[in-house]
**Student:** 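Got a structure for you, written out below as structure tokens; questions coming shortly.
Per chain, numbering begins at 1; letters A, B, ... match sequence-line order.
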2 protein chains.
Amino acid sequence: MSYQLELRHFNYFLAVAKELHFRKAAEKLFISQPGLSRQIKQMEEILDTPLFVRDKKKVKLTPAGMYLKEEVEFILNHLELIQKQSRTIGEGHLGEVRIGFLGSAMQEVIPKFLLQLKESYSGIKTSLEELSNRAQVDALLKDKLDIGFVRLARVPKGIEIMPVKEDSFSVVLPENHALSAENFKKMGQLKEESFILFAQEYSPLYYDTVVSICEDSGFSPKVSHKSVHAQTIFKLVENNLGVSIVPTSLQYGFKMKIKFIELKQIPQRAVLSVIWKSDNRNPVLKNCMDLILG
Amino acid sequence: MSYQLELRHFNYFLAVAKELHFRKAAEKLFISQPGLSRQIKQMEEILDTPLFVRDKKKVKLTPAGMYLKEEVEFILNHLELIQKQSRTIGEGHLGEVRIGFLGSAMQEVIPKFLLQLKESYSGIKTSLEELSNRAQVDALLKDKLDIGFVRLARVPKGIEIMPVKEDSFSVVLPENHALSAENFKKMGQLKEESFILFAQEYSPLYYDTVVSICEDSGFSPKVSHKSVHAQTIFKLVENNLGVSIVPTSLQYGFKMKIKFIELKQIPQRAVLSVIWKSDNRNPVLKNCMDLILG
DNA sequence: AATAGTCAATAACCATGAGTTATCAATTAG
DNA sequence: CTAATTGATAACTCATGGTTATTGACTATT
């Protein structure tokens, strides 16, 4: 009997724990069923505790098995990351930071940050991914991301959050709309319009804020369309399908037949925040955070 | 060529990374040097990056190697914990919490907590260890401990802290000392005494607080002896080697020729706090914290 | 210089055990 | 009952982790 667990065991265990079926798990692992059975058995001997209950035709996890499944998922995931990072560092980089962001952060915050990063730490590689608020938080928790740029008020425990950019809101209107910067006085003038907004799931804070802007003017907005892309929203506005309210900085970078009226008088702000995990083990994260918060 | 890292590689790597000497590392691992060399080489191939520089007579870590050393230490450590926990859970317990504490917490807080724990979650095992403030924080950060009972004002990032017990301070005097509860009026009366205190390294907060108590009365204490055990401090007081100031609850549980005078009038309090890591993955920690924080 | 000593790498070999195929025993479905 | 499906056993094989013996590169000693 061998006396030491190996990663192989963990991989096999996880496959069975997920499938709850030895034969199917073995297939996915490209090994034979008896081989798998034996490895799992060995694992149970090493840990000195059963991990599965093989009860007439059914395979179930024991409590210890359930616990181990959680932990093994975490470990294998983390291990994958370590392998990538080692390689990256070996290539002469200081490391890689995995950045998630909302589309609206791409207008200004992200490019500025990447430029700074290049100047200060040319050895840091980045990988960029556009993700929803929710997806960024999830990815952060699962150690799939190091930094996120989100619009959120609250964030789960273990995640840190700091505002990086405050923006005003602007009304977005089709170019031929009767209202203009000159004759626009108050939100109430949009009472009868239908609104095209970022989806609530995509950014609850944004959605709630926009609704509150309208409610401050005594009406609740009729939302006719939702999207997760500014591009789409603007396109719909351009085609007279409604109006929108978005962070002002989104006005740059799109060439469409629409106009923006900045809402200078209202108290609401579109706040973009960085989020990161306080116990993130990525050694170059500190450098990045110094730059962003510095 | 194999195409998958195994824990064996990590163990071997760590040995070499620590020794920086293949032969010595091989000895410690109870394998032959060529075998070790080959495994490391294989590891470098899998990671596709060199981990060591074998430079004329000297073995050094590459940057990637340094990074990996940190991570591997963390992973192997965490893995060990997981194995223990699986076993514990397999035995029918819900899990095990590893508790560290200052001696002074043993008087009341710890027994009370253990009793509650037994009543509410009889399935939770505990391991107890008396440690200094500093040692508890270190152990917590290294994942060697789940909960600590400390006297600290501040705590590093990633660690949570909550006060659990407030205590007054008491002066400790030899039984035959001229001062007594009746004729003791103010701290100034102890101006000329020499003090026996808990060592500053052991509990900086305690030490600073005691000094502040004296300074509030216009003198700074002459400290003649320091210790990390109440037992020792009381013994010294008993033998007329000085007086002390300690959290009042320490008066129970020791049978010595000493007397306690509670300092009811001063503002300083001896605060005992729980500390734990916000990202601790121990599934029964939550139950414990619910009990402690109520 | 010459020699001895120390290091990790290489080469050739061996034996453990991961993974194979064939089969069994137990259960379920029709 | 029979057929199908499950995981466990048994017997075998072969890849590879680990072995010993040796080499090549370097250092320290005389």
Side-chain angles (χ1 to χ4, degrees), chain A residues 1-62 64-66 68-69 72 76 90, chain B residues 1-62 64-66 68-69 72 76 90:
Chain A
M1 180 193 127
S2 73
Y3 72 138
Q4 167 79 291
L5 279 187
E6 284 298 342
L7 290 182
R8 168 176 26 89
H9 292 112
F10 289 127
N11 278 311
Y12 290 178
F13 166 75
L14 206 55
V16 180
K18 278 179 177 164
E19 296 288 330
L20 293 177
H21 198 291
F22 278 76
R23 186 147 310 194
K24 285 182 196 162
E27 253 172 55
K28 287 211 170 182
L29 293 166
F30 301 105
I31 62 169
S32 66
Q33 173 264 314
L36 178 58
S37 282
R38 235 183 35 159
Q39 287 298 307
I40 296 291
K41 193 182 171 192
Q42 194 185 66
M43 191 172 172
E44 292 176 317
E45 273 165 16
I46 297 173
L47 288 172
D48 195 21
T49 196
L51 299 171
F52 297 99
V53 182
R54 290 85 156 167
D55 198 20
K56 21 185 108 185
K57 294 295 245 184
K58 275 201 182 113
V59 176
K60 284 186 298 186
L61 283 163
T62 61
M66 291 180 204
L68 201 64
K69 187 190 170 200
V72 165
L76 291 184
Chain B
M1 180 192 128
S2 74
Y3 71 139
Q4 165 81 292
L5 278 188
E6 284 298 342
L7 290 182
R8 169 175 24 89
H9 292 111
F10 289 126
N11 278 309
Y12 291 178
F13 166 75
L14 206 54
V16 181
K18 278 179 178 164
E19 295 289 330
L20 293 178
H21 197 290
F22 277 75
R23 187 151 309 199
K24 285 183 196 164
E27 255 171 53
K28 287 211 171 184
L29 293 165
F30 300 104
I31 63 168
S32 65
Q33 172 263 314
L36 178 58
S37 282
R38 236 183 33 160
Q39 287 298 308
I40 297 291
K41 192 182 172 191
Q42 195 184 64
M43 190 170 172
E44 293 176 318
E45 272 165 17
I46 297 172
L47 288 172
D48 195 21
T49 194
L51 299 171
F52 296 99
V53 182
R54 290 84 154 165
D55 198 18
K56 20 186 109 186
K57 296 293 244 181
K58 276 198 182 116
V59 176
K60 284 186 299 184
L61 283 162
T62 61
M66 292 180 204
L68 201 64
K69 186 189 170 201
V72 164
L76 292 183

**Student:** Measure the distance from CD on B:E45 to P on C:dT10 and round it to the nearest whole Å.
**Tutor:**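 Result: 10 Å.
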**Student:** Please check the phosphate of D:dG17 (OP1 and OP2 only) for any side-chain N or O of B:Q42 closer than 4.0 Å.
**Tutor:**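 Affirmative; the distance criterion is met.
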**Student:** Could you tell me the separation between the CG atom of B:L5 and the P atom of D:dG17, rounded to a whole number of Å?
**Tutor:** 12 Å
**Student:** Which atom pair, heavy atoms only, marks the closest approach of A:A15 to A:L29?
**Tutor:**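 So the minimum-distance heavy-atom pair works out to CB-CD1, 3.7 Å.
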**Student:** Considering non-hydrogen atoms only, spot the tightest contact between A:L5 and B:L7 and give its length.
**Tutor:** O-CD1, 3.5 Å
**Student:** Between C1' on D:dG7 and NE2 on A:H21, what's the gap in Å once rounded to a whole number?
**Tutor:**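 Rounded to the whole Å, the gap is 9 Å.
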**Student:** What is the distance, to the nearest angstrom, from the CZ atom on A:F30 to the C1' atom on C:dT20?
**Tutor:**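 Going from A:F30 (CZ) to C:dT20 (C1'), I get 17 Å.
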**Student:** From CG of A:L36 over to P of C:dT20, roughly how many Å is that when rounded to an integer?
**Tutor:** 10 Å
**Student:** Just the rounded figure in Å: distance from P of C:dG19 to CD of A:E27.
**Tutor:** 17 Å
**Student:** Which heavy atom in A:T62 sits nearest to a heavy atom in A:P50, and how many Å separate them?
**Tutor:**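 Reported closest heavy-atom pair: OG1-O, 2.9 Å.
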**Student:** Between the side chains of A:R8 and A:Q39, is a donor N or O closer than 3.5 angstrom to an acceptor N or O?
**Tutor:**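 Judged by distance alone, the side chains do pair up.
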**Student:** With sequence neighbours excluded, what pairs up with A:K24 under the side-chain hydrogen bond (donor to acceptor under 3.5 Å, both in side chains) test?
**Tutor:** none
**Student:** Identify whether any heavy atom of B:Y12 sits under 4.0 Å from a base atom; if not, whether one sits that close to sugar-phosphate; answer base, sugar-phosphate or nothing.
**Tutor:**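 Contact class for B:Y12: sugar-phosphate only.
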**Student:** Can we say B:R54 and B:E44 salt-bridge, meaning some charged N sits less than 4.0 Å from an Asp/Glu carboxylate O?
**Tutor:** yes
**Student:** Applying side chain to side chain contact (heavy atoms under 4.5 Å, CB included), name anything that partners A:A17, two or more places apart in sequence or on another chain.
**Tutor:** A:F13, A:F52, A:L61, A:K69
**Student:** Identify, between B:G35 and A:I31, the residue whose nearest nucleotide on DNA chain C lies closer to the 5' end.
**Tutor:** B:G35
**Student:** In this structure, how many angstroms lie between the C1' atom of D:dG18 and the CZ atom of B:F22, rounded?
**Tutor:**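 Taking atom C1' of D:dG18 as the reference, CZ of B:F22 is at 16 Å.
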**Student:** Look at the side chain of A:R8 against the base of C:dA18 and say whether a donor-acceptor pair falls under 3.5 Å; ignore hydrogens and angles.
**Tutor:** no
**Student:** Contact class for A:K41 vs. all strands (heavy atom < 4.0 Å): base, sugar-phosphate, or nothing?
**Tutor:**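 Since only primed, P, OP1 and OP2 atoms lie under 4.0 Å of A:K41, the category is sugar-phosphate.
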**Student:** Under the side-chain hydrogen bond (donor to acceptor under 3.5 Å, both in side chains) rule, collect the residues that match up with A:E6, sequence neighbours excluded.
**Tutor:**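 Here no residue qualifies.
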**Student:** Mind checking whether B:V53 and B:V59 have side chains closer than 4.5 Å, heavy atoms only?
**Tutor:** no
**Student:** Indicate for each nucleotide in nucleotides 22-29 of chain D, in 5' to 3' sequence, whether protein heavy atoms under 4.0 Å reach the base (B), only the sugar-phosphate (S), or nothing (-).
**Tutor:** ----SS--
**Student:** Can you name the atoms? Protein N/O to nucleotides 13-15 of chain D N/O, anything below 3.5 Å, with the distance.
**Tutor:**
none

**Student:** With a cut-off of less than 4.0 Å, is there a side-chain N or O of B:S32 near OP1 or OP2 of D:dT19?
**Tutor:** yes
**Student:** Using atom CG of B:L7 as one end and atom P of D:dG17 as the other, report the distance to the nearest whole Å.
**Tutor:** 14 Å
**Student:** Just N and O in the side chain of B:S37: are any of them under 4.0 Å from OP1 or OP2 of C:dA9?
**Tutor:**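 B:S37 to C:dA9 OP1/OP2: side-chain N or O found under 4.0 Å.
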**Student:** Return the set of residues passing side-chain hydrogen bond (donor to acceptor under 3.5 Å, both in side chains) with B:E27 (not counting sequence neighbours), or none when no residue passes.
**Tutor:** none
**Student:** Tell me which of A:R54 and A:R38 sits closer to the 5' end of DNA chain D, going by the nucleotide each one is nearest to.
**Tutor:**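 Of the two residues, A:R54 wins.
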